[in-house]
Engineer: 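Just dropping this structure here.
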Amino acid sequence: MHVVYPVVVAALLFSIGVYGVLARRNTILVLMSVELMLNAVNLNLVAFDVWLRDVLHGGQVLTLFVIVIAAAEVGIGLAIVLAVYRNRRTIDLDRLRELGEPVEPPVGDRG
Amino acid sequence: MTTAATVVLLPFIGAVAGLLGSRWPRGRSRTEENNARAARRAAWLAIVPLPVALVLLGYLVWRTRVGPGLDWPPGTFYADLLPGFRSGAWGVIETGGVPITVGLQIDGLSVLTAILVCVVALGVQVYSVGYLRGDPRYPSYAAFISLFTSAMLLVVFAADLLVLYVGWELMGLCSYLLIGHWWEDRGNSRAAVKAFLVTRLGDVAFLFGIFTLGFAAGSFRIADVLAADLPEGTLVAATLLLLGGVAGKSAQVPLHTWLPDAMAGPTPISALIHAATMVAAGIFIVARLFPIFPQPTLDVLGVLAAVGMLGAALAALAQDDLKRVLAYSTISQLAYMAAALAAGSPGAAIFHLMSHGAFKALLFLCAGAVIHHVGSNLLSHMGGLRRVLPIPFWTMTIGFAALVGLPPTSGFFSKDGVLLALEHSASPIRLLLYGSALITVGVTGAYATRAWLRGFFGEQAPLEPAHGHAAPPTMLWPLVVLTVPTLLFGFLGAGDLALGSAAVTLVVGLLGVAIVLAAWRAAPAADPARLLGPFRAPCEEAFYLDRVYDRLVTRPTMALALLVVRTDTSVVDGAVRGSGQLTLRLSRLVKLAQQGNAQLYVTGLLAGVLLIVVGAVVL
Amino acid sequence: MNSGWVLVALLAVPLAGAAGLLAPAFAGRVPRLYGLVVSGLALGLAAVALALFDFSAPQRVQFETDLAWIPGLDLRFHLGLDGISLPLVVLTTLLVFLCFVYLAGRSAAPDGPGVRLAGLRPRALVFTLLVLELGMVGTFVALDLLLFFVFFEVVLIPMYFLIAIWGGAERRAAAVKFILYTLLGSAVLLLGLLLIWSQAGTLDMVALAAAHPMTRSAQVLAFLAVGIGLAVKTPMWPLHTWLPDAHTEAPTVGSVLLAGVLLKMGTYGFARIAIPILPEGAAVVAPWLGAFAVVGIVYGALACLAQRDLKRMIAYSSVGHMGFVLLGFATLTPVGLNAALFGNVAHGLITGLLFFLAGAIKERYGTADLTELGGGLLTRLPYVGSLLTFACVASLGLPGLAGFWGEMLALQGAFAPGGELSRPLYLTFMTVAGLGAVLTAAYFLVMLSRVTHGVAAEPVRFADVRRAELVAWVPLVGLTVLFGLWPGGLLGLTDPVVQVVLGVP
Amino acid sequence: MIQDIDYWAIAAPLILALVAGLVLLLDAFLPRRAQVRTLLGMVTLAGVLAALGVVVAQAVRGDQIGTFCVPGGACSFVVDTYTLLLAGLALAAGAVVVLLSMGELAGGRIPVGEWHFLLLAALTGAVLLPASRDLIMLVVALELVSLPVFALTALRRYDGRASEAALKLFVVSVVSTAIMLFGVSLLYGITGTVHLEHIATALITGTGLTIADGAAVLTVAVVLVVAGFAFKVAAVPFHFWAGDVYEGAPVPVAALLSVVSKAAGFAGLILMLTHGLASETATWAPLVAVIAALTMTAGNVLALRQHHPVRLLAWSSVAQSGYILAPLAAHLDLASALKAATPTDTETMVASLPSPSPGTTDSTGNALVIVKDQAMDLGQVAGSPLAVQASLAYLVFYAAMNILAFSVVMLVSRDRGDLDDYRGLIRRSPVLGLALAFALICLAGLPPGLAGLFAKVAVFREVVFGGLGWLAVVMAVNTVIGLFYYLSWAARLFAPGESRAAERPGRTPVLVAVGAALLVTVAFSAVPQLVFFTIS
């Protein structure tokens, strides 16, 4: 199998992830989209590793680490989402806007 | 040389001592007693240097009585009289360009002029003691006169054009300070400012003229400049620029307008500045540099003089203010000197300068005595004063006679010398000069007679007891003393008298006198100026020149100034403030993306990455 | 000869003085004479430098110290003094000392509107002024481009606080404008200096001035950057608008030092860096510099003519005077450079005095608005009025006083510009500048006429000159007269240096 | 294959990790009392200081150690000057952050053990990152810096603002990580190796590359790899999170983010760019220039007219990142320079490198090998080492002054801080006021803050020397904008105002932190050659 196929699939997967991040308001869904992106990376790495016949198997090692990282991220992410939900009763990303630039009065003539 | 330096420095030291030391050590309290004590001390400090200087000048006369001098045109009286020439320097200031020589030079011209200056200054200082009795600011006044004298002496003796310029400008300052002596009155203040600014305008041109000469000759020393062989074009340009300064200081058309206004100062100041010294400086400098004045420049000077002498005389005829009459008369007489210079006769010019210095100082001091008595400058407030003020009457009569040019006064000889020079000059504008001068002689007779009649004859006007006391002796003595040169000085030049020409002049002058006399006899109460008919108003306003200048120069300048101030805040500073505002606007704009929406952040992030990727790949 | 300690001490004294103030012993109150003593010590050191200076060779760098400071940046602690910097160092120490004299007198005076200044945080005030002195003196003695820049920057913060804390009603905005504007200038200056460095490979001013290793185009670019940076500080039209605000709001001592010394740092840079190191760049840019200078002269004068505030007017007059100084530089002739350096010192003395006087008037009247001041100053405050007249007359360039020589020689330089510069163009500059001189006289006299002449609105008399004020002002008056009558004293110092700078054989 | 592990080389991160575990254990078994809180803090501090001691010892010995090496010479973990400098920086800043934490934890609303554990974990990552020399280590270390910080931010459990900040940080971070990992996977695919050294060799010599030289994929990979680090240093367009997160997070976390985490980000970025991608300078240098310009401008503009001190510091630190990035853009493009250079130019350029004689540069191949060798040793020469040095110097100075500012803010600010709280601080508390004023003036880059000034000068120099005139002008303008907001804050310190200082518990450790930071900053200002000497 030519390396292009898995790479194109990975790219598509990554794009879907990006779309999900952009389109979803629910934080959990955003989290899942990020997982898609990470899995695209994994697919890439494994495919390259095989294709390159890397004796050190750098790609595979990295894949393992990425999986671990993804797990950790999900763990912490869900914990944070929980905390947010407890405090705010919502997990919609675009409704968490307490922090942000305050609305300014019109520009004066200082400066 | 040290003698000349001492002459210059004596009044200067007097000025410094008078300014700093008059009130010392009790400067703060301004009681009557303190004022009087300060005035006494100031008067001594002001007067004492002058006789000493005169003695030293006498020594200089003796030193310059023989010796090879500079190359003057034949018949130049001061060169004939005192042919000696000396110069010396105390050092050279390296400026990186043409060096400046700190030095003085002595010759007949400078010694004689210096004597005139010192004599008039002495008279004025003595006279002022009485004239300003009780004025708390007398000490500074006297010191300024001393400073003024010193500056004029520096001009007279300077061997270097830039050193001369120092004295030249210092005079401008002193005239500003003295004209504005009574600064409580805004009018005086304005007149002082005007005098300074108008002369300074001329002085800038003068300075550029000095540059031209100095750079062309490679030296600012007068002797070097005179000796240098300069191209005609440079000379014309340089001397024309110098004329600017001459016109300013000697109140020639078109920069003469400050002089009538300058009459706002105390009368002795008018006598000093506007008779003997500052106004003489312009004529003096032309005479000093006469050898390098090319014909075209002299022609320009001649035209200005021709216009100035007649115009000023006509203006004098219509003035109601006695001092303004004298002021316009001064302009007119200075134009005579300028005309003589234009005709190629510095000797006649300086001769007239000296005699004019004497009689005009006399006239002003007399006028001062009259004004002191009447409390007003206006002729319409005077009349019938000959009985009340006998000494001023007689001395002023002599002065007017000299002004008209009646024998045997000095004015007769000197004016005749000028007219003779004009008549016989090789100048291409000889006819214009001579004709104008002759008519002016007539007009001079007319205005002098008018002023004399209106002041001393006719009904006595009710007096304003402004100065209840009579003039003190210190004011009268200088009058009497000044009549002596007025009467006798002319005989120095008696040898050159040409009878035919003198007769013509005399007749024309008497004609003017006669016409006014006739008009006065016909209606003693009316002003003989009515003879001018429809020209009276323009003459009285000096042909509206002040208004023209106001419209053309003063107002546009002020408008421009306001425009600049507005531009500065709205455009120049506006750009600065605008860039600040722009930054703040940008800040608001960028902050729109920071309203707290994390999804927006991620979108921005991904869009940014996409943009960068595309950019990096494409570029 | 190993006399470098003088300059090091000259920098160390204000620094140690300022550092000493941080000691807790001074908390709350500071001895009235502390600043006086420290600045007097600095003045004494400057006098020592003056005494030890070899006047026979002012073009030689004397009192040199050359130590490596930051090898990573090639920054050397290189100090030295020559005929250009000596007068400015003395002027700086003198003005700072006089400022302290003035302040000491003020804090000693009984209750009045003026006490506020000195009464408010005297420790901070003394500290600020001493740091300011450090920066000013350092700028004039630095011989390393980067060191020069460091000192150039040192003055910004103290001056900012001087205006922002002890200033007038609109002080905050004025101070911000001052520091932002001048910082922009010095940032551009830094770019220029770095450009020189990158092209020439050294930061040593002496070496750079001796050899000009840069190409013509690089020189032009560097001159533009350095020139703009310095022109902001000078200030040159149209980069001047920070100046009027800063002067109007600054306290008296701030105005005095701002006009007396800070502006000189800009012009000094032209004499020390821009022209000697970048001669070809200077030759290309000079006509533009001259044009802006001349516009500045006339523009400043016109702006003064319609000004309503005394301090603001004097500030704009500085724009005009600095125009003359820049015109002198733009001629690229020895006489022009001498003129500029002379004008520098003269302006420091005269405008310093003017600001002292304006401050004294503002303090007594409570306003510096010309209309509110009314007339009759000579009646109400005869001595202040007379001194104001003197200062104005000196400032308008009367011969016999220091202001004259700078102007006259600048015009003389423009009469015959150096090198390849276009003569007709410079003659035009000269003429316009000459008219500017007339306008200068006009606004000063009109102002004098408005303020000193006339009848006072109210007969109330204020305290005339106090003793401390007199002590602070008399040296300025004396030096103005001295240099006016004896310009050789200063020209003899600068001329040999200028000849070397311009490579005149 | 069994690898030898050089425990001395990895001593610093090892100590941190062990102490982290110890802290967690102690917390679990000791009672929850105030003294225990202090004890845990002291233990953490001791751990950090011990690690710092190791780093200092390694620096003093002049160690050049590599461990976890593969056949072929490439090591995954390298201790050299560069590593030690950045590790030392992270640890020193970390120690101050620990002190600040003790102040924060004194409030009692935050679980102490977890806090210190997470802090130590993040520090482990920060120490690990500059030592990493392969992609895997880099990724893992980077995540090790990131993940604990999410938790730290959210650790104030009942504070909605903290949770919100954590969430935002988390989302932006994971997206950035994903992007970077995608780039890493592409880079791996292109070069076939994960070791930076091998990547560089492959890219320079072209051996082992799977694609043609100069293909777009490589560019894409470079950009994406840079993304992850750009997020850490909050460069545009990865800066959006900074304001909200700094504001919502506890102040020590904000300090951690702005100094330790940023230093780690720069460590990785510089490693990646100058080590792995040295041959691709032509691709990334212009990119870095544009990003630097945008970053400093955006940061400064956003910081204008801020009223929240921490938010202001957040944007200011974004702007400062721009300055740190700028010299990298002036990094000498060795490969193309060598390719395009005329012999004389090559000679002059190579002559500036320490060892090779001009004779060896005659053939391009030789020169490239030399360059590659040189490039491996960052501590000495890589292209224009001065550019990197300028960045590092700026980073060091920045860390000192920024942490000083945060320390003072920690003492003065309340939760919803306002700049007006600082009015009259100079009279309430002269030392704090002066310290903050000094920090701000340093950040603005003006004397007497000579540290800031020299940092800026160094940066400006590299940019001007690199011929990036436009970037220099942008920097100049930005310096002015920056001064505006620093000053408006500094001026408040001197303005008259009422006392509104909130007396909070746990002042002592924070005061110690202020003192230490002030001492270092003043030292840097007085003798800035210390830093320049250490770096060069």
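Note that the coordinates shown come from a computational prediction; the quantities given were computed from them, not determined experimentally. First the proteins, then the strands, lettered A, B, ... as listed; each starts at 1. Heavy-atom basis, side chains included; hydrogens, waters and symmetry copies ignored.
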Engineer: Report, as yes or no, whether the 6.0 Å neighbourhood of atom CZ on B/F12 holds more than 12 heavy atoms from other residues, nucleotides or ligands.
Structural biologist: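 At most 12 heavy atoms, drawn from other residues, nucleotides or ligands, come within 6.0 Å of this atom.
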
Engineer: What part of C/F342 lies closer than 4.5 angstrom to a heavy atom of chain B: side chain, backbone, both or neither?
Structural biologist: neither

Engineer: C/Y299 versus chain B, heavy atoms under 4.5 Å apart: side chain, backbone, both or neither?
Structural biologist: both

Engineer: Indicate yes or no: at least one non-hydrogen side-chain atom of B/V565 is less than 4.5 angstrom from one of C/R308.
Structural biologist: no

Engineer: How close do B/R200 and C/V438 get, heavy atom to heavy atom, and via which atoms?
Structural biologist: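 Minimum heavy-atom contact is O-CG2, 4.1 Å.
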
Engineer: Would C/F404 and B/Y165 count as a close aromatic pair, with their ring centres under 6.0 Å?
Structural biologist: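 Ring-ring flag for C/F404/B/Y165: true, centres closer than 6.0 Å.
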
Engineer: Shortest non-hydrogen contact from B/F215 to C/F415?
Structural biologist: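 For B/F215 and C/F415, the tightest heavy-atom pair comes out as CD1-CD2, 3.4 Å.
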
Engineer: Is chain B contacted by the side chain of C/L305, its backbone, both, or neither, given a heavy-atom distance below 4.5 Å?
Structural biologist: both

Engineer: Taking every heavy-atom pair that is under 4.5 Å apart, which of C/G492, C/G484, C/A442, C/G413 has the most such pairs with chain B?
Structural biologist: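 Option with the greatest count: C/A442.
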
Engineer: Contact part of C/L239 toward chain B, heavy-atom cut-off under 4.5 Å: side chain, backbone, both or neither?
Structural biologist: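 Contact with chain B is absent: no heavy atom of C/L239 under 4.5 Å.
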
Engineer: For side-chain contact (heavy atoms from CB on, under 4.5 Å), just list the numbers for C/L378 and B/R137, CA-CA rounded to whole Å, side-chain angles, deciding distance to a tenth of an Å, and then say yes or no.
Structural biologist: CA-CA 11 Å; C/L378 277 168; B/R137 294 201 295 273; over 6 Å; no

Engineer: Looking only at heavy atoms and a cut-off of under 4.5 Å, which of C/G400, C/A437, C/G376, C/P496 has the most pairs with chain B?
Structural biologist: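 Most heavy-atom pairs within the cutoff with chain B belong to C/A437.
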
Engineer: Check each atom of C/T452 against the heavy atoms of chain B and say whether the ones under 4.5 Å are side chain, backbone, both or neither.
Structural biologist: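 Interface part for C/T452: backbone (N, CA, C, O).
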
Engineer: Heavy-atom pairs under 4.5 Å with chain B are the metric here; pick the option from C/A339, C/G375, C/A306 that has the most.
Structural biologist: C/A306

Engineer: Under 4.5 Å heavy-atom distance to chain C, tell me which part of B/I210 shows up: side chain, backbone, both or neither.
Structural biologist: neither

Engineer: Against chain C, label B/V564 side chain, backbone, both or neither, depending on which of its atoms sit under 4.5 Å from a heavy atom there.
Structural biologist: both

Engineer: Examine whether an atom of B/L207 lies under 4.5 Å from a heavy atom of chain C, and if so say whether it belongs to the side chain, the backbone or both; otherwise answer neither.
Structural biologist: side chain

Engineer: Scan B/L563, B/L562, B/T557 and name whichever one has a side-chain contact (heavy atoms from CB on, under 4.5 Å) with C/L302.
Structural biologist: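 In the set B/L563, B/L562, B/T557, the residue that makes a side-chain contact (heavy atoms from CB on, under 4.5 Å) with C/L302 is B/T557.
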
Engineer: Closest heavy-atom contact between C/M430 and B/F211?
Structural biologist: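 Looking at all heavy atoms of both residues, the shortest contact is SD-CD1, 4.0 Å.
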
Engineer: Taking side chain as everything from C-beta outward and backbone as N, CA, C, O, which of these in C/W405 sits under 4.5 Å from a heavy atom of chain B? Side chain, backbone, both or neither.
Structural biologist: side chain

Engineer: May I ask you to name which of C/L427, C/L337, C/N338, C/V446 has the most heavy-atom pairs under 4.5 Å with chain B?
Structural biologist: C/N338

Engineer: Got C/H240 and B/D568 here, is their nearest side-chain heavy-atom distance under 4.5 Å?
Structural biologist: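 SC-SC contact between C/H240 and B/D568 confirmed.
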
Engineer: To the nearest 0.5 angstrom, please state how far the CD atom of B/E184 sits from the OG1 atom of C/T379.
Structural biologist: 5.5 Å

Engineer: Checking side-chain contact (heavy atoms from CB on, under 4.5 Å) for the pair B/F196/C/L396: CA distance, chi angles, key distance, verdict?
Structural biologist: CA-CA 12 Å; B/F196 191 91; C/L396 64 80; 3.9 Å; yes

Engineer: In Å and rounded to the nearest 0.5 Å, what is the CD to CG distance from B/E169 to C/L401?
Structural biologist: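 Between B/E169 CD and C/L401 CG, I get 11.0 Å after rounding to 0.5 Å.
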
Engineer: Would you call the rings of B/W183 and C/H453 parallel, tilted or perpendicular if under 30° counts as parallel and over 60° as perpendicular?
Structural biologist: parallel

Engineer: Between C/D495 and B/T95, does a side-chain contact (heavy atoms from CB on, under 4.5 Å) hold up when you go through it step by step?
Structural biologist: CA-CA 7 Å; C/D495 190 47; B/T95 62; over 6 Å; no

Engineer: Does any backbone or side-chain atom of C/S449 lie under 4.5 Å from a heavy atom of chain B? Answer side chain, backbone, both or neither.
Structural biologist: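 C/S449 touches chain B through backbone and side-chain heavy atoms alike.
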
Engineer: Checking heavy atoms, do the side chain of B/V102, its backbone, both or neither come under 4.5 Å from chain C?
Structural biologist: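 When you check distances to chain C, no heavy atom of B/V102 falls under 4.5 Å.
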
Engineer: Determine the option with the most heavy-atom pairs under 4.5 angstrom with chain C, choosing from B/V571, B/L173, B/V98, B/L170.
Structural biologist: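 Heavy-atom pairs under 4.5 Å are most numerous for B/L173.
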
Engineer: Would you mind checking which part of C/L439 comes under 4.5 Å of any heavy atom in chain B, side chain (CB onward), backbone (N, CA, C, O), both or neither?
Structural biologist: side chain

Engineer: I need the minimum non-hydrogen distance between B/G97 and C/V335, along with the two atoms involved.
Structural biologist: N-CB, 3.6 Å

Engineer: Looking at B/V92, B/D203, B/L162, which has the largest count of heavy-atom pairs under 4.5 Å with chain C?
Structural biologist: B/L162

Engineer: Side chain from CB out, backbone as N, CA, C, O: work out which of these in C/V455 comes under 4.5 Å of a heavy atom of chain B, or both, or neither.
Structural biologist: both

Engineer: Given side chains that start at C-beta, do those of C/L398 and B/Y176 come closer than 4.5 Å, heavy atoms only?
Structural biologist: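 Side chain of C/L398 against side chain of B/Y176, heavy atoms only: no contact under 4.5 Å found.
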
Engineer: For the atom pair CG (B/L197) and CZ (C/F444), what is the distance rounded to the nearest 0.5 Å?
Structural biologist: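 Here the interatomic distance stands at 12.5 Å.
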
Engineer: Select one option (side chain, backbone, both, neither) describing which atoms of B/R186 are under 4.5 Å from chain C's heavy atoms.
Structural biologist: side chain

